[in-house]
Amino acid sequence: MSIEMASSAQNQVTASALGSVKLLPGLFQSRAKLNRRYVMSLDSSALLQNFYIEANLYIPETHVHEHWEPQHLGWESPSCALRGHFLGHWLSAAAKLYAATQDLEAKGKADWIVEELGRCQIQNGGEWAGSIPEKYLHWIAEGKQVWAPHYTLHKTLMGLYDMYAFAGSSRALEIIDNWSNWFLRWTDGLTKDTLADVLDVETGAMMEVWADVYAATGKPKHLELMHRYTRHRLFEPLLRGEDILTNMHANTTIPEIHGAARAYEVTGDQKWRDIVEAYWKSAVTDRGFYCTGSQTNGEIWSPPGELSARLGSRTQEHCVVYNMIRLADFLFRWTGASMYLDYIERNLYNGILAQQHPTTGMIAYFLPLHAGAAKKWGTPTKHFWCCHGSLVQAHTLHANLAFYQDQEGIIAAQYIPSEFTWHTGQGSVSIKQTIEPQTNWGIRNAAVDSTRRPQAICMKLSVDSIQETEFTIKLRLPDWLSDEPIIAINGQPAVLSAADAASGFASVRRIWSKGDELVVQLPKKLTASPLPDRPDMVAFMDGPVVLAGLCEEERVLYGDPEHPEKLLTPDNEREWASWLPGYRTTGQERGIRFVPLYEIEDQAYTVYFPVKK
């Protein structure tokens with residue numbers, strides 16, 4: 001505990017604790033509920049099937065006979081080298097569901113699974129608790145080809161750690177501690193060069209989990225393992241400013257950078273932070289990204305600024321989206337810079353939401369961005385791609401991306417309907433964030449209900465505090481703002497300073513009391529987002545949301561991309577008391593309807609269009 005407390009002093013910003021923020025009705029709550037339904041639908045014994053097989057704990061008369069078939073297939077099939085990877089993601093999701101919502105059903109299910117993993121560990125001799133055999137690691141040390149055993153094992157370690165950290169499972173930490181003895185002894189027998197070769201075979205976030213465990217236990221062996229799992233062949237070129245990422249498997253490297261990030265938080269050693277910042281510069285600042293916020297095609301990083309040749313059917317892997325959001329969260333907490341929140345927002349709408357089926361909750365491994373694309377959805381039990389795992393984790397975090405804290409007060413980081421309960425030195429304060437619909441139902445009230453679709457997102461933050469409390473509410477000013485925001489406190493206009501605009505936040509400091517309301521209107525407009533190396537190929541965005549054209553082939557649009565409002569016009573903009581987000585082309589030979597990319601289910605769609613004046 002003392003290690004964690006020492007590390008927190010390095011942060012400009014503090015994350016809100018799981019459970020302090022709850023989602024309110026809206027898009028993000030509905031997607032989180034879909035995810036929870038999927039998490040809880042999976043059979044506990046089926047989740048454990050590969051651990052049971054490895055520990056020889058399946059009951060012969062019911063499971064080992066010619067008619068037995070595994071309940072989970074795909075990457076969870078007993079014939080797949082990555083078998084067992086998903087359980088760790090599942091444990092992490094269940095632990096965070098409990099921490100965020102006091103979901104006792106999820107905790108009970110997860111606690112039982114942890115106990116069963118402990119039983120497997122005992123059966124395996126008291127240390128090994130994996131779903132794959134130890135010899136897989138011996139094989140990679142010998143230079144034999146095995147598909148990412150460390151990646152698989154890390155997921156179990158991660159899930160166990162999260163059960164300790166978020167669900168209070170001391171048994172989970174005990175299993176990790178016993179298992180760490182195996183890893184320590186195994187790496188003892190490897191030369192420096194052999195260990196470096198081993199780390200070239202996708203290791204997941206092994207470094208991060210050992211940093212986490214060291215922070216929890218303070219045991220030198222866990223710190224030693226953190227150092228042994230340092231990816232020097234990646235980190236050192238980054239520090240030299242080299243572009244080592246082009247054509248490199250992206251999701252191998254991001255979790256390794258998470259390890260450096262956590263090492264910085266645990267040890268305070270500046271070199272780890274330098275590595276993280278060098279990675280962000282190479283992967284994001286210098287490289288650029290698609291309109292969706294993400295990058296990669298075929299799971300590899302594209303060359304800096306060169307994206308047009310890589311619009312394919314395997315663009316934007318979901319795991320990359322999730323892990324880069326996590327990386328942006330590290331950097332925001334260290335720096336307080338709003339650009340990291342803008343990056344998170346873009347990836348939330350156009351990655352996390354866009355790659356979850358709006359009805360079934362299933363995952364799209366990739367988000368194709370070629371003309372006439374279609375999303376390929378996974379199934380509940382027949383695929384279990386890596387992105388099934390990042391899916392179930394990603395949708396447990398929406399609430400806690402909405403609010404952060406700093407020394408002055410609270411930060412409204414994402415405009416997600418939610419309620420934050422903040423415990424200050426002066427007492428408890430509740431801040432409820434809701435979206436103002438800007439409509440009314442019944443006799444028309446022009447002050448509330450505009451004639452056409454509003455060109456602003458309007459948020460209301462309501463304060464509930466028994467005692468008067470002085471603090472600052474910082475409102476993020478998104479990078480998509482089209483005009484000055486309009487801010488009112490209890491109906492009276494607030495003045496935005498030049499310093500606020502430069503910082504990316506509007507800061508409102510006052511003595512707050514029960515019933516105070518802060519209303520902010522964030523103007524937005526249609527924008528055209530070109531590919532960095534093809535300014536004539538553009539995607540259309542409505543604020544932070546990418547619009548997808550419902551067409552099966554590439555279409556040339558005629559007009560001025562500097563004025564997208566002359567190319568697209570609102571379509572089916574309202575039903576009853578709800579404004580709808582659709583558009584359609586205007587002045588073209590053939591019409592195309594546009595909807596938010598996150599609403600696409602099975603329709604063919606196109607995101608980037610050539611535009612000729």
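When a residue number appears, it is its place in the shown sequence, counting from 1.
Heavy atoms only, all atoms of each residue included: His89 and Gly389 are closest at CG-CA, 3.2 Å. Heavy-atom minimum distance, Leu531 versus Tyr290: CD2-CD2, 4.2 Å. Across every non-hydrogen atom of Cys319 and Ser390, the tightest pair is SG-OG, 3.2 Å. Of all non-hydrogen atoms in Ala412 and Leu461, the two that sit nearest each other are CB-CD2, 4.2 Å. Shortest non-hydrogen contact noted between Glu484 and Pro523 is O-CG, 3.4 Å. For Pro596 against Leu547, the heavy-atom pair with the smallest separation is N-CD2, 4.0 Å.
Although no hydrogens or angles enter the test, the distance criterion places no donor-acceptor pair under 3.5 Å between the side chain of Tyr598 and the main chain of Gly351. Between the side chain of Gln29 and the main chain of Leu23, a donor-acceptor pair closer than 3.5 Å is present. Proximity of a side-chain donor or acceptor of Trp210 to a complementary backbone N or O of Leu223 within less than 3.5 Å is not detected. Between the side chain of His357 and the main chain of Ile363, no donor-acceptor pair closer than 3.5 Å is present. Within the 3.5 Å criterion, the main-chain N or O of Tyr38 finds no donor-acceptor partner in the side chain of Asn35. Counting only distance, with no hydrogens or angles, the side chain of Asp542 and the backbone of Val545 share no donor-acceptor pair below 3.5 Å. Between the Asp103 side chain and the Leu97 main chain, no donor and acceptor come within less than 3.5 Å of each other. The backbone N or O of Pro570 lies less than 3.5 Å from no partner atom in the side chain of Arg453, so there is not a single donor-acceptor pair. Side chain of Thr469 to main chain of Gln467: a donor-acceptor pair is present (N/O by atom type, distance under 3.5 Å, no hydrogens or angles). Remark: side-chain polar atoms of Thr101 are not paired, donor with acceptor, to backbone N or O of Tyr98 under 3.5 angstrom.
Counted by atom type alone, Glu317 and Thr296 present zero donor-acceptor pairs between their side chains at under 3.5 Å. Side chain to side chain, Glu265 and Trp334 meet the donor-acceptor criterion of an N or O pair below 3.5 Å. A donor-acceptor contact closer than 3.5 angstrom is absent between the side chains of Ser507 and Glu408. If you check the side chains of Arg476 and Gln414, you find a donor sitting under 3.5 Å from an acceptor.
Between Glu208 and Arg262 there is no salt bridge, since no side-chain N of the basic residue sits under 4.0 Å from a carboxylate O of the acidic one. Salt bridge status for Glu470 with Arg509: present, with a side-chain N to carboxylate O gap under 4.0 Å. Ion pairing between a basic and an acidic side chain is recognised when a charged N comes within 4.0 Å of a carboxylate O; Arg333 and Asp329 show such pairing. Ion pair Glu573/Arg452 flagged as a salt bridge, since at least one NZ, NE, NH1 or NH2 atom sits closer than 4.0 Å to an Asp/Glu carboxylate oxygen. Of the charged side-chain nitrogens involved, none lies within less than 4.0 Å of a carboxylate oxygen, so that Lys432 and Asp464 do not count as a salt-bridged pair. Under the 4.0 Å criterion applied to side-chain N and carboxylate O atoms, Lys281 and Glu277 are not assigned as salt-bridge partners.
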- [ ] Assess whether side chain to side chain donor-acceptor pair (under 3.5 Å) is satisfied between Thr439 and Asp449, documenting all intermediate values.
- [x] CA-CA 4 Å; Thr439 64; Asp449 196 341; 5.5 Å; no
request  = Verify ring pair (Phe, Tyr, Trp, His ring centres under 6.0 Å) between Phe540 and Phe594, making sure each step is shown before the conclusion.
outcome  = CA-CA 9 Å; Phe540 298 100; Phe594 283 76; 5.7 Å; yes
From CA spacing to verdict: side chain to side chain contact (heavy atoms under 4.5 Å, CB included), Val607, Cys291:
CA-CA 9 Å; Val607 169; Cys291 60; 3.7 Å; yes
Practice prompt. Quick one: do Ile435 and Lys460 satisfy side chain to side chain contact (heavy atoms under 4.5 Å, CB included)? Show the steps, please.
Written response: CA-CA 6 Å; Ile435 298 175; Lys460 180 169 73 175; over 6 Å; no
Let me see the working for Tyr343 and Trp280 under ring pair (Phe, Tyr, Trp, His ring centres under 6.0 Å), right down to the final yes or no. CA-CA 12 Å; Tyr343 180 88; Trp280 185 270; 4.8 Å; yes
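Within a 6.0 Å sphere centred on CD of Gln270, heavy atoms belonging to other residues, nucleotides or ligands number more than 12. Around atom CD1 of Ile466, no more than 12 heavy atoms belonging to other residues, nucleotides or ligands sit under 6.0 Å away.
Under a cutoff of 6.0 Å and an axis angle of 45°, Arg574 and Trp579 form a cation-pi pair.
By the side chain to side chain contact (heavy atoms under 4.5 Å, CB included) test, Ala337 pairs with Thr335, Met339, Tyr340, sequence neighbours left out. Evaluation of the salt bridge (Lys or Arg N to Asp or Glu O under 4.0 Å) rule for Arg444 yields no partner, not counting sequence neighbours. Taking the ring-ring contact (aromatic ring centres under 6.0 Å, His included) definition, one finds that Tyr583 meets it with nothing, sequence neighbours left out. Residues passing the salt bridge (Lys or Arg N to Asp or Glu O under 4.0 Å) test with Asp406 are Lys474, sequence neighbours excluded. Annotation: side chain to side chain contact (heavy atoms under 4.5 Å, CB included) contacts of Ala394 (sequence neighbours excluded): His318, Tyr322, Ile352. Not a single salt bridge (Lys or Arg N to Asp or Glu O under 4.0 Å) links Lys33 to another residue, sequence neighbours left out. Scanning for side chain to side chain contact (heavy atoms under 4.5 Å, CB included) contacts around Pro358 gives Arg31, Glu601, with sequence neighbours left out. Arg510 is linked by a side-chain hydrogen bond (donor to acceptor under 3.5 Å, both in side chains) to Asp516, counting only residues two or more places apart in sequence or in another chain. Lys271 is linked by a side chain to side chain contact (heavy atoms under 4.5 Å, CB included) to Asp269, counting only residues two or more places apart in sequence or in another chain. Checked against side-chain hydrogen bond (donor to acceptor under 3.5 Å, both in side chains), Gln355 has the following partners two or more places apart in sequence or in another chain: Gln316. Remark: Gln405 pairs with no residue by the side-chain hydrogen bond (donor to acceptor under 3.5 Å, both in side chains) rule, at least two apart or across chains. Every residue two or more places apart in sequence or in another chain that forms a salt bridge (Lys or Arg N to Asp or Glu O under 4.0 Å) with Asp243 is listed here: Arg287.
Taking the centre of each ring, Tyr349 and Phe28 come in below the 6.0 Å mark. For Phe332 and Tyr404, the distance between ring centers is under 6.0 angstrom. Aromatic ring centres of Tyr214 and His222 lie farther apart than the 6.0 Å criterion allows.
In this structure, Tyr164 and Tyr161 have tilted ring planes: the angle between them lies in the 30° to 60° band. Note: Phe235 and Trp272 have perpendicular aromatic rings, judged against thresholds of 30 and 60 degrees for the angle between ring planes. A parallel orientation is assigned to the rings of Phe420 and Phe403, their planes being inclined by less than 30° (bins at 30° and 60°).
To the nearest 0.5 Å, the span separating CG on Leu245 from OG on Ser282 amounts to 4.0 Å. Gln433 contributes atom CD, which lies 10.0 Å from atom OG of Ser462 (distance to the nearest 0.5 angstrom).
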